[in-house]
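Right, one structure below, let's go through it.
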Amino acid sequence: MPRNSIRVTLPKENVSHLCRMEPAAKERGTTENGGSSSTRAQRSSCTSLKMFLVALSFAYFAKALSGSYMKSTITQLERRFDIPSYLTGVIDGSFEIGNLLVIAFVSYFGAKLHRPKIIAMGCVLMAMGTFIIALPHFLIGRYKFETSIRSSVNSTNNLSPCPARLLSPATLASGDLLSKTPSTGTVGCEGESNLSMWIYVFLGNVLRGIGETPVQPLGISYIDDFAREENAAFYIGCVQTIAVIGPVFGYLLGSLCAKIYVDIGFVNMESITISPGDARWVGAWWLGYLVAGVITLLSAIPFWFLPRSLPIPSDRGPAQCTPEQTSFIKDSPLLEHKYQADEPASFLEMAKDFIPTLKTLLGNPVYFIYLCVTIIQLNSLIGMVTYKPKYIEQHYGQSASKANFLMGTINIPAVALGIFTGGLLMKRLKLSIMGAAKFAFGTSLIGYFLSLFFFVMSCENAKVAGITLPYNRAVGVSYEERSVFSACNSDCVCSDRDWDPVCGENGITYVSPCLAGCQTSTGSGKNTVFSNCSCAVAAGLSSGNLTASVGHCPHRDDCDRVFPYFLALSVITSFIISLGGTPGYMVLIRCIKPQLKSLALGFHTLSTRTLAGIPAPIYFGAIIDTTCLKWGQKRCGGRGACRIYNTTAYRIAYLGLTMGLRTVSFLLCILGFVLLKRHLRREERSAHQVANGGAELEVLRKEEVLASNSDQSLRTSTTDYNNTERETRL
């Protein structure tokens, strides 16, 4: 029995000594020869590790940039492919789908292969996926937006926006005028592919998700394996910090590309009658994906030249043994049991043990409640972040470019600063698990109450005749498309499907020049001016020859006053809520047993991506679609993207869903606190029992030592007595 126990519990120092014996002799030999190969090897290892750190940081930056750029192009994709918001949610969630398809295989098998090269292949796949996302731009042809007139750049006179009524009222009522008006001819419609081009974006984003999978698990494990223990955490922190910078540049790139017209370089910009603030404007969304793809492809290059493994630092103990030493140690009878215990189990044995281990993990009530809370809160967070730029556009009348710029320069830095400050406060305050839970809950609750003020930062609906404002200027919102027709435009053959807004001198926006009753037009492009607009006269604000200009009327003054307060409150709430990010994550790590930690973190990531990352953008988009007042029309018929929303309903749906999910999570948090207290009390009792048991064992050990000493003294006395008696006899 004592011999077997020695085999199993041989101190690590003995193994380390065995590993250090031969290198020490080699060092003495090389020193005598005037050189040190071990020193050169350590320097080479340090250089390779730093190269890997730089390469991994760049890969993190690239994947964060492309991911945030995808968020910034949500509105552009809707307009370019004429799809509703819920379909853009499907596209956005496809990244998580691709990630989940291979995460288990990559995490298990990738660690046994050449990790840097696996990461390099992942970066190449991400780059390919990003290029595929941009591919539809080169296949779908030029962007042709809805317009009710066809302007001529070479002439100052345009076709009449109000064609004479030559059709019967029955034909007008049928609404089958979209193909008959000069603006929406079906030229080239027959040649369009029946396959929706957004499928390419979906598949490209899935491929991006597949390629991103090995970057985090294999990269972090590589650093943790080959860096010194005191440096590993610092290196990982550097990588995460660089990753935070990626979304900033992603949104800034989205802001820049949203200013550029989608077909820049292929069309005469003087003939374009829309501006970046128009609901039909589509920026050069494809250009940003090309830039992001090139950056991602460049990030793959360094990994091809990095070694599979590095020399392990001396503070890692026996792992630095040479193969010959390792073979000797394994063959040693003293270490036989130790190495047999460390050998990996077979796949079948691991599979049999997986389900019971997972049941044990989910049987931990604290972990289960924490998992439910984070899933619900991430649903709220992901849905809010995905559609926040669009909310700024639609509710406050800002362009997509400005909305993305504000996200990149204000909101993202506030979140990054909050996460860093939260980790610093936890370290300074030395919070326990209960203290960390209270800190995370408190910051989230403060942010929740501050977010309630967003409901009062409202804007009125834009004044659009026939949609939000009847032609007789009665107060109220009209939801029926037939209301765009009035007596003032009854002499014109107009389509109610067109969306080519013009701003009358009376400050009211009209759906099209035809529906404004305009008889003539002069100029071209953005300088087109419509004259003799009879509906503006019918409004009763003025008389005579009223004109209308291209585009929406300037946004409401009340929104201009409220918008700065919205930005300030958004920054404050983002910072406060982010303060609890690090302490909340530490609760997850500390509430489970050490042997279940890897499984707990992996299952947490899997659950949040499956139940939050994929569905949240879809149902948020579907609910937002219900607030649309005017849908655009595709060239070949069918409903396109939304042109104008009911801002009041949009605000209530968007903010109400976000706050409702967080309310449910707070109710679960209360239950979580009760379970956490019970969990900590059980741990305290167990620790107390262990301490008492340890004290009893210490007493027994002392008694055993005393008894052993007494026996030894007795044997010594007996021996002395026998010797004395023998001498006496002699």
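Residue numbers start at 1 and run along the sequence shown.
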With a 4.5 Å cut-off on side-chain heavy atoms, are [Y] and [X] touching?
| X | Y | result |
| --- | --- | --- |
| I83 | I91 | yes |
| M384 | Y391 | no |
| L406 | L567 | yes |
| L87 | E78 | no |
| Y619 | N379 | yes |
| I577 | T443 | no |
| S451 | R662 | yes |
| Y650 | H395 | no |

Minimum-distance pair of heavy atoms, taken over all atoms of [X] and [Y]:
| X | Y | answer |
| --- | --- | --- |
| T573 | G447 | CG2-O, 4.1 Å |
| A62 | S299 | CB-OG, 4.2 Å |
| V244 | I412 | O-CG2, 4.2 Å |
| S380 | F620 | O-CZ, 4.3 Å |
| F305 | I301 | CD1-O, 3.3 Å |
| L125 | G211 | CB-CA, 3.8 Å |

Checklist entry - When you look at CZ of F368, are more than 12 heavy atoms from neighbouring residues, nucleotides or ligands closer to it than 6.0 Å? => result no
Next on the checklist: Other residues, nucleotides and ligands only: do more than 12 of their heavy atoms fall within 6.0 Å of CZ on F405?
Outcome noted: no
Checklist entry - What's the verdict on side-chain contact (heavy atoms from CB on, under 4.5 Å) for F58 and L298, showing C-alpha distance, side-chain angles and the deciding distance? => result CA-CA 9 Å; F58 189 40; L298 291 176; 4.2 Å; yes
Checklist entry - So, is the end of the R142 side chain (NZ or CZ) under 6.0 Å from the ring centre of F266 and within 45° of the ring's axis? => result yes
Checklist entry - side-chain hydrogen bond (donor to acceptor under 3.5 Å, both in side chains) between N411 and Y251: does it pass, once the steps are laid out? => result CA-CA 10 Å; N411 278 85; Y251 277 106; over 6 Å; no
Would you say the rings of [Y] and [X] are close, in the sense that their centroids are separated by under 6.0 Å?
| X | Y | answer |
| --- | --- | --- |
| Y261 | W281 | yes |
| Y289 | F131 | no |
| W286 | F138 | yes |
| Y654 | Y387 | no |
| W285 | F81 | yes |

Mind checking whether [X] and [Y] have parallel, tilted or perpendicular rings, split at 30° and 60°?
| X | Y | value |
| --- | --- | --- |
| F61 | F249 | perpendicular |
| W198 | F202 | perpendicular |
| F303 | F52 | perpendicular |

Checklist entry - After noting the C-alpha distance and the side-chain angles of S399 and K259, does the key distance pass the side-chain hydrogen bond (donor to acceptor under 3.5 Å, both in side chains) rule? => result CA-CA 9 Å; S399 66; K259 289 182 180 179; over 6 Å; no
Roughly how far, to the nearest 0.5 Å, is [atom2] of [Y] from [atom1] of [X]?
| X | Y | atom1 | atom2 | result |
| --- | --- | --- | --- | --- |
| N99 | T605 | CG | OG1 | 9.5 Å |
| H604 | I375 | NE2 | CD1 | 7.5 Å |
| R280 | D82 | CZ | CG | 12.5 Å |
| M126 | I119 | CE | CD1 | 10.0 Å |
| N205 | I133 | CG | CD1 | 4.5 Å |
| C372 | L611 | SG | CG | 9.5 Å |

Are any side-chain N or O atoms of [X] and backbone N or O atoms of [Y], one a donor and one an acceptor, separated by less than 3.5 Å?
| X | Y | value |
| --- | --- | --- |
| T374 | L371 | yes |
| S444 | A440 | no |
| N404 | L253 | no |
| S255 | S401 | yes |

Listed partners of [X] passing side chain to side chain donor-acceptor pair (under 3.5 Å), at least two apart:
| X | value |
| --- | --- |
| T386 | K71 |
| T296 | none |
| S665 | Q377 |

Checklist entry - Salt bridge or not for K402 and E393, using N-O below 4.0 Å? => result no
Item to check | side-chain contact (heavy atoms from CB on, under 4.5 Å) evaluation trace for T130 with L290 | outcome: CA-CA 7 Å; T130 309; L290 294 181; over 6 Å; no
Item to check | Working for side-chain contact (heavy atoms from CB on, under 4.5 Å), residues I614 and L100 | outcome: CA-CA 10 Å; I614 296 175; L100 293 173; 3.8 Å; yes
Checklist entry - Does a side chain donor of either K390 or S85 reach within less than 3.5 Å of an acceptor in the other side chain? => result yes
Item to check | W631 and R643: CA distance, side-chain angles, deciding distance, side-chain contact (heavy atoms from CB on, under 4.5 Å) verdict | outcome: CA-CA 6 Å; W631 290 96; R643 300 306 187 193; over 6 Å; no
